[in-house]
Amino acid sequence: MSSSQAFLTLDNGTEVSIRDACSIGRSSENHLILSGEGISRRHALIHNQGNDGYWIVDLGSSNGTQVNNRPVARPLKLATGDLIRIGTDFLRFSAAGSESVVDSLAGPTLLEVRVSPQWVIVADIADFTPLSQRLNSADLAHTVGSWIAETRAVMQRHDGVIHKYLGDGWLGGWPVDQPAQVAETLTALREIQDGSELSFRLAIHFGKITTSGAGTAGEQEMIGPELNFLFRMEKIGAIAGVACLLSATAHEKLVCHYSAKSIGHFSLKGFEGEYEFFS
């Protein structure tokens, strides 16, 4: 097994290889099609997050997803040996160990590092702890999974990519500069915000992002100060109570496509000076 591969072992001993992502469910559109009882059309997703490993996400399935007999209430990082239950089917997860930093730098990966202007967005569930206390585990898993499935569909519909699933949300972006698509995405996500029982925030930034990897969305690593800037500004959105926060660079590119207003200038930890943000 290479460092970029993982496997699911089915009850009958069949091994299913995972590289970037593996969607699981009854529908023929899935990578792994299961026909057992209690399985939804789009049940769950296993996502390769590069050096952060493989994460499993329940997509709001009717009967939930379990890992080691515990319900998957939000995105969960998998470990070799984990037993996944989907309906009446059991899947054993295994993944190769990570390659060493020395091997990575000495090999072709170094040539694949690039810096390019990109759109990045983070969606973060607000007040997850009170939500988890208010709902039972099954309802929590369904609520969060349905939200992930709905927002993921919006991103895909407008050429966006989810790079990483976080404990309480996800990090995404657009590989090319297309402000009209970004504006349409934000409009659709704001509609979900207005109609959802689950409260979540959005933060959007445009800057020079460093990426490395094989070029597929699931394997790309995103690093650099501009990404740190995005997560710092998301905290400003939480403090200011702003549901959808834009950086100045994002607002400048979206001004012809999306309506926003300034909420003032703020300082960010680790960054000099003050920065203007828009709601």
Side-chain angles (χ1 to χ4, degrees), residues 20-21 47 113-126 147-166 169-196 199-213 215-238 240-266 268 271 273-279:
D20 301 329
H47 192 259
V113 174
R114 65 189 183 93
V115 179
S116 61
Q118 293 186 40
W119 289 92
V120 282
I121 177 173
V122 64
D124 181 63
I125 298 173
W147 171 75
I148 288 174
E150 191 174 12
T151 54
R152 177 172 173 259
V154 168
M155 288 291 290
Q156 291 178 328
R157 193 159 59 243
H158 297 289
D159 298 332
V161 175
I162 292 182
H163 298 289
K164 287 186 181 294
Y165 290 95
L166 312 170
W170 47 259
L171 167 69
W174 290 260
V176 295
D177 184 9
Q178 41 189 0
Q181 289 282 57
V182 174
E184 291 176 7
T185 305
L186 294 185
T187 298
L189 290 175
R190 291 288 286 124
E191 290 175 356
I192 295 175
Q193 280 181 322
D194 292 339
S196 175
S199 177
F200 66 97
R201 294 181 297 269
L202 300 168
I204 303 93
H205 179 50
F206 183 83
K208 291 185 177 180
I209 306 297
T210 301
T211 58
S212 65
T216 56
E219 290 185 296
Q220 280 193 346
E221 288 296 308
M222 303 177 68
I223 57 175
E226 298 288 350
L227 198 60
N228 294 337
F229 185 92
L230 172 68
F231 284 102
R232 296 295 187 194
M233 66 174 276
E234 191 277 328
K235 295 184 183 301
I236 296 295
V242 176
C244 183
L245 189 70
L246 278 65
S247 68
T249 53
H251 175 258
E252 183 179 357
K253 282 187 161 290
L254 289 174
V255 68
C256 295
H257 306 277
Y258 192 81
S259 176
K261 62 180 181 180
S262 176
I263 64 168
H265 292 74
F266 298 82
L268 300 181
F271 293 86
E274 291 192 336
Y275 299 85
E276 187 176 17
F277 295 104
F278 295 80
S279 169

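FYI, the numbering just counts along the sequence from 1. Note: hydrogens, waters and symmetry copies are ignored here, and every other heavy atom, side chains too, is used.
From E226, atom CD reaches atom NZ of K208 across 9.0 Å, with rounding to the nearest 0.5 Å. To the nearest 0.5 angstrom, Q181 atom CD is 11.5 Å from L186 atom CG. Here the straight-line distance linking atom CD of E191 with atom CG of L189 works out to 9.5 Å at 0.5 Å rounding.
Counting only heavy atoms from C-beta outward, the side chains of Y258 and I204 never approach each other to under 4.5 Å. Looking only at side-chain heavy atoms (C-beta outward), R232 and F266 stay at 4.5 Å or farther from each other. Annotation: side chain of K253 is not in contact with side chain of V182 (no heavy-atom distance under 4.5 Å). Between F278 and V242, the closest side-chain pair of non-hydrogen atoms is not below 4.5 Å. I236 has its side chain out of reach of Y275: every pair of non-hydrogen atoms, C-beta onward, lies at least 4.5 Å apart. For the pair Q193 and L202, the minimum side-chain heavy-atom distance is below 4.5 Å. L230 has its side chain within reach of L171: a pair of non-hydrogen atoms, C-beta onward, lies under 4.5 Å apart. Side-chain contact between V176 and D159 is absent, with no heavy atoms from C-beta onward closer than 4.5 Å.
The minimum heavy-atom distance linking L245 with G237 is given by the pair CD2-N, 3.7 Å. Looking at every heavy atom in both residues, E276 comes nearest to S262 through OE2-OG, 2.7 Å. The two residues V122 and E234 make their nearest non-hydrogen contact at CG1-CG, 3.7 Å. Across all non-hydrogen atoms, the minimal contact from L246 to H251 is CD2-CA, 4.0 Å. Nearest heavy-atom pair across A183 and H257 is CB-CB, 3.6 Å. G172 and H163 get closest at one heavy-atom pair: C-CD2, 3.6 Å.
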- Task: Show the numbers, then the answer: is there a side-chain contact (heavy atoms from CB on, under 4.5 Å) between D124 and L166?
- Result: CA-CA 8 Å; D124 181 63; L166 312 170; 6.0 Å; no

- Message: Quick one, L268 with N228, criterion side-chain contact (heavy atoms from CB on, under 4.5 Å). Give me CA distance, side-chain angles, the key distance, then yes/no.
- Response: CA-CA 10 Å; L268 300 181; N228 294 337; over 6 Å; no

- Message: M155 vs W170, test: side-chain contact (heavy atoms from CB on, under 4.5 Å). Steps then yes/no.
- Response: CA-CA 11 Å; M155 288 291 290; W170 47 259; 3.7 Å; yes

- Message: With side-chain contact (heavy atoms from CB on, under 4.5 Å) as the criterion, how do Y165 and R152 come out once you've worked through the C-alpha distance, each side chain's angles and the decisive distance to 0.1 Å?
- Response: CA-CA 11 Å; Y165 290 95; R152 177 172 173 259; 3.0 Å; yes

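Listed by chain and number, the residues in a side chain to side chain donor-acceptor pair (under 3.5 Å) with W147 amount to none (sequence neighbours excluded).
Summarising the local packing, CD of E252 is surrounded by 12 or fewer heavy atoms from other residues, nucleotides or ligands at distances under 6.0 Å.
Using bins of under 30°, 30° to 60° and over 60° for the plane-to-plane angle, the ring pair F277/F229 lands in the tilted bin.
Taking the six-membered ring for Trp and the full ring otherwise, W119 and F206 have centroids separated by under 6.0 Å.
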